Amino acid sequence: MSVLVAVVVIVLTIVAVFIESPAPGDEDFLSPAATGDIGSSVLMEELSAAGIQVDRYTDAGEALSAAASGNATLFMPAPDFLNSEQRFQLLNTAGGDLSIVAVDPSQAFLNELWLRQDGAARIAAKTLPSNCELPGVSGSAQFGRQSYVAVDPQQIDWRFCFDGHLAWLREGSVTVTVVGAADPFTNEWIDEADNRAVATALLSGQPRVIWLDVHALAPPAPPSPPDQQLPDQNDQKSFEMPRVPIQYPEAGDTNPLYDALPGWLWAGLVGLLIMMILAALWRGRRLGPPVVEPLPVSVPAAETVYGRASLYQRAGAYPQAIRSLRAGAVHRIRPVIGVSSQAEDTDVITAVARRTGWTPDQVGQVLFHSQPRDERELRKISHALDQLVSAVENSRPQGRDE
């Protein structure tokens with residue numbers, strides 16, 4: 001029973017973690033204006049105290065335009081809410097010294113960086129040592145949730161920290177950093193391990209932080225009129241990362257139904273299945289219908305009765321022994337006296353007295369009431385019970401002619 005309770009607690013904990021995990025679509029998620037557990041107001045105050053200018057943008061287009069001039073850190077807590085045009089603008093129009101920090105992006109976003117997720121994400125972030133060459137980043141932090149590997153190390157030289165849970169790349173004047181968990185930036189966990197120092201170091205490499213506080217996908221921009229003069233592409237400063245085609249997973253690698261449903265639902269279903277299996281094993285249930293099997297040996301009824309009587313005698317269970325004898329006697333005489341198994345004891349006593357000529361008091365004492373205190377009394381009542389049964393079976397009802 002204790003094992004079953006422990007399993008239930010574990011399953012409910014896993015489901016609760018999935019349900020309670022902060023979602024990037026929440027308006028408070030890593031927002032510098034949010035003071036709740038999933039907000040980042042503490043980190044914003046830490047940056048301000050360090051002399052870093054923090055500019056909060058709720059429009060992705062405006063934030064990217066501000067980042068194009070460089071000399072800033074573009075912090076993207078929810079990078080998946082950039083549409084394809086905005087991602088192209090981010091990777092191809094950056095100029096000057098620019099640091100880009102993206103938190104747990106999806107594989108679709110990583111494809112454009114020639115980076116991919118290394119296995120499934122952990123349920124909860126793990127504290128890991130940095131082991132990092134990224135300037136200013138040292139100590140341990142809770143980035144251990146999603147890890148990364150390079151798609152083609154020969155093409156783009158990604159470097160990794162925190163056992164692969166932080167990936168960073170320096171191309172010209174642009175530094176791109178991808179982190180596998182949001183925990184070090186949140187108000188709830190910023191004081192765990194070295195989260196505060198590491199999160200501050202990641203965002204303080206430039207004198208200004210452009211904080212992209214966007215939690216919904218913006219619609220694509222309308223097409224430009226045909227007669228509108230497009231800007232000369234030669235005038236734009238280009239991000240030095242080579243442009244690569246988006247690598248979509250091959251057909252069949254993922255299940256659309258699995259991707260469409262939330263992770264906590266699958267966790268709950270798996271947990272329910274485990275509970276059902278363990279409950280079946282605990283209760284000793286067969287996994288199929290009952291199977292009739294022959295007994296390995298046949299025991300004569302007399303031996304069974306003798307063995308049971310010996311157990312009663314050894315235990316001194318005289319009331320239990322007489323109760324068994326009376327149950328057998330009543331079972332034998334009910335059909336003879338014409339009384340159903342649902343009849344009251346008084347009905348049985350009356351019918352037996354009428355048939356045998358015994359007084360109701362005698363019948364009641366022998367058949368129901370008297371209790372033996374030792375073996376001698378047990379034998380006496382048992383003998384009287386045999387006489388009563390014999391009288392019922394061998395007598396005619398009172399008043400009937402011979």
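These figures come from a predicted structure and were not determined experimentally. We're numbering straight along the sequence, starting at 1.
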Colleague: Can you measure from CG (Leu325) to OG (Ser382) and round to the nearest 0.5 angstrom?
Modeller: 5.0 Å

Colleague: Do side-chain atoms of Asn111 reach the backbone of Gln107 as a donor and acceptor pair under 3.5 angstrom?
Modeller: yes

Colleague: Side chains of residues 192-201: which donor-acceptor pairs under 3.5 Å do they make with residues two or more places apart or in other chains?
Modeller:
unit_1: Asp194; atom_1: OD2; unit_2: Ser140; atom_2: N; d: 2.9
unit_1: Asn195; atom_1: OD1; unit_2: Gln142; atom_2: N; d: 3.0
unit_1: Asn195; atom_1: ND2; unit_2: Gln142; atom_2: OE1; d: 2.8
unit_1: Asn195; atom_1: ND2; unit_2: Trp189; atom_2: O; d: 2.6
unit_1: Asn195; atom_1: ND2; unit_2: Glu192; atom_2: O; d: 3.2
unit_1: Arg196; atom_1: NE; unit_2: Asp191; atom_2: OD1; d: 3.0
unit_1: Arg196; atom_1: NH1; unit_2: Glu46; atom_2: OE1; d: 2.8
unit_1: Arg196; atom_1: NH2; unit_2: Asp191; atom_2: OD1; d: 2.5
unit_1: Arg196; atom_1: NH2; unit_2: Asp191; atom_2: OD2; d: 3.4
unit_1: Thr200; atom_1: OG1; unit_2: Arg196; atom_2: O; d: 2.7

Colleague: Can you see which heavy atom on Arg56 is nearest to which on Ser31, and at what distance?
Modeller: NE-OG, 4.0 Å

Colleague: Report yes or no: do Ser173 and Asp97 form a side-chain donor-acceptor pair below 3.5 Å?
Modeller: no

Colleague: Just how far is it from atom CG of Leu98 to atom CZ of Arg208, taken to the nearest 0.5 Å?
Modeller: 9.5 Å

Colleague: Roughly how far, to the nearest 0.5 Å, is the CG atom of Leu128 from the CZ atom of Phe143?
Modeller: 10.0 Å

Colleague: Closest heavy-atom contact between Val214 and Asp59?
Modeller: CG2-N, 4.1 Å

Colleague: Determine whether a donor-acceptor pair (N or O, by modelled atom type, separation under 3.5 Å) exists between the side chain of Ser40 and the backbone of Phe185.
Modeller: yes

Colleague: Whether the side chain of Arg326 engages the backbone of Gly328 through a donor-acceptor N/O pair (distance < 3.5 Å, no angle test) should be reported.
Modeller: no

Colleague: Are Val336 and Arg355 close enough that some pair of their side-chain heavy atoms sits under 4.5 Å apart?
Modeller: yes

Colleague: Can Phe75 and Val103 be said to form a side-chain contact (heavy atoms from CB on, under 4.5 Å), step by step?
Modeller: CA-CA 8 Å; Phe75 182 44; Val103 178; 3.6 Å; yes

Colleague: With a 4.5 Å cut-off on side-chain heavy atoms, are Val270 and Ile274 touching?
Modeller: yes

Colleague: For the backbone of Phe109 and the side chain of Arg87, can you confirm whether one donor and one acceptor N or O come within less than 3.5 Å of each other?
Modeller: no

Colleague: Mind checking the CH2-OG spacing from Trp168 to Ser99? Nearest 0.5 Å is all I need.
Modeller: 10.5 Å

Colleague: Taking the side chain as C-beta and beyond, is there a heavy-atom pair between Trp211 and Tyr57 under 4.5 Å?
Modeller: no

Colleague: I need the single residue from Gln371, Glu375, Glu377 that forms a side chain to side chain donor-acceptor pair (under 3.5 Å) with Arg373. Which is it?
Modeller: Glu377

Colleague: So which heavy atom on Tyr148 is nearest to which on Ala167, and how close?
Modeller: CB-CB, 4.5 Å

Colleague: Decide yes or no on side-chain contact (heavy atoms from CB on, under 4.5 Å) for Ser147 and Arg122, but give the supporting numbers first.
Modeller: CA-CA 9 Å; Ser147 58; Arg122 294 171 55 90; over 6 Å; no

Colleague: Measure the spacing between CD1 of Ile349 and CZ of Arg354 and express it to the nearest 0.5 Å.
Modeller: 12.5 Å

Colleague: To check you understand the geometry: which heavy-atom pair defines the closest contact between Ala60 and Leu82, and what is its length?
Modeller: CB-CD2, 3.6 Å

Colleague: Begin with the C-alpha distance, continue with both residues' side-chain angles, and end with the deciding distance and a verdict on side-chain hydrogen bond (donor to acceptor under 3.5 Å, both in side chains) for Thr177 and Arg159.
Modeller: CA-CA 10 Å; Thr177 304; Arg159 300 183 182 183; over 6 Å; no

Colleague: Which residues pass the side chain to side chain contact (heavy atoms under 4.5 Å, CB included) test with Lys380, not counting sequence neighbours?
Modeller: none

Colleague: Side chains of Ile333 and Val352: closer than 4.5 Å at any heavy-atom pair?
Modeller: yes

Colleague: Verify side-chain contact (heavy atoms from CB on, under 4.5 Å) between Leu30 and Thr186, making sure each step is shown before the conclusion.
Modeller: CA-CA 6 Å; Leu30 297 191; Thr186 63; 3.5 Å; yes

Colleague: Considering only heavy atoms from C-beta outward, does the side chain of Leu166 approach that of Val178 to under 4.5 Å?
Modeller: no

Colleague: Would a 4.5 Å heavy-atom cut-off, applied to side chains only, mark Leu367 and Leu388 as touching?
Modeller: yes

Colleague: Compare every heavy atom of Thr73 with every heavy atom of Gly205, then report the nearest pair and how far apart it is.
Modeller: N-OG1, 4.4 Å

Colleague: Rounded to the nearest 0.5 Å, what separates atom CG in Leu110 from atom CG in Asp104?
Modeller: 8.5 Å

Colleague: Kindly indicate, with the supporting measurements, whether the criterion side-chain contact (heavy atoms from CB on, under 4.5 Å) is fulfilled by Leu169 and Leu113.
Modeller: CA-CA 10 Å; Leu169 171 71; Leu113 302 175; over 6 Å; no

Colleague: Does the Gln86 side chain pair with the main chain of Asn83, one donor and one acceptor, at a distance under 3.5 Å?
Modeller: yes

Colleague: Would the distance check show the side chain of Gln362 and the main-chain N or O of Ala353 forming a donor-acceptor pair, the cut-off being under 3.5 Å?
Modeller: no

Colleague: Got Leu115 and Ile156 here, is their nearest side-chain heavy-atom distance under 4.5 Å?
Modeller: no

Colleague: If you count the non-hydrogen atoms of other residues, nucleotides and ligands that lie under 6.0 Å from NE2 in His369, is the total more than 12?
Modeller: yes

Colleague: Just by distance, do the side chain of Ser324 and the backbone of Gln320 share a donor-acceptor pair under 3.5 Å?
Modeller: yes

Colleague: So, His165 side chain and Asp163 main chain: donor-acceptor pair closer than 3.5 Å or not?
Modeller: yes

Colleague: Is it the case that the side chain of Asp80 and the backbone of Pro105 share a donor-acceptor pair, with hydrogens and angles ignored and the cut-off at 3.5 Å?
Modeller: no

Colleague: Indicate the ring-plane relationship of Phe81 and His215, choosing parallel, tilted or perpendicular according to the 30° and 60° boundaries.
Modeller: perpendicular

Colleague: For Pro184 versus Ala181, what's the shortest heavy-atom pair and its separation?
Modeller: CD-O, 3.9 Å

Colleague: Are Asp213 and Thr58 close enough that a side-chain donor and a side-chain acceptor fall under 3.5 Å?
Modeller: no

Colleague: Do you see a donor-acceptor pair shorter than 3.5 Å between the side chains of Ser41 and Asn187?
Modeller: yes

Colleague: Kindly say whether Asp386 contributes a backbone atom to a donor-acceptor pair with the side chain of Ser390 at under 3.5 angstrom?
Modeller: no

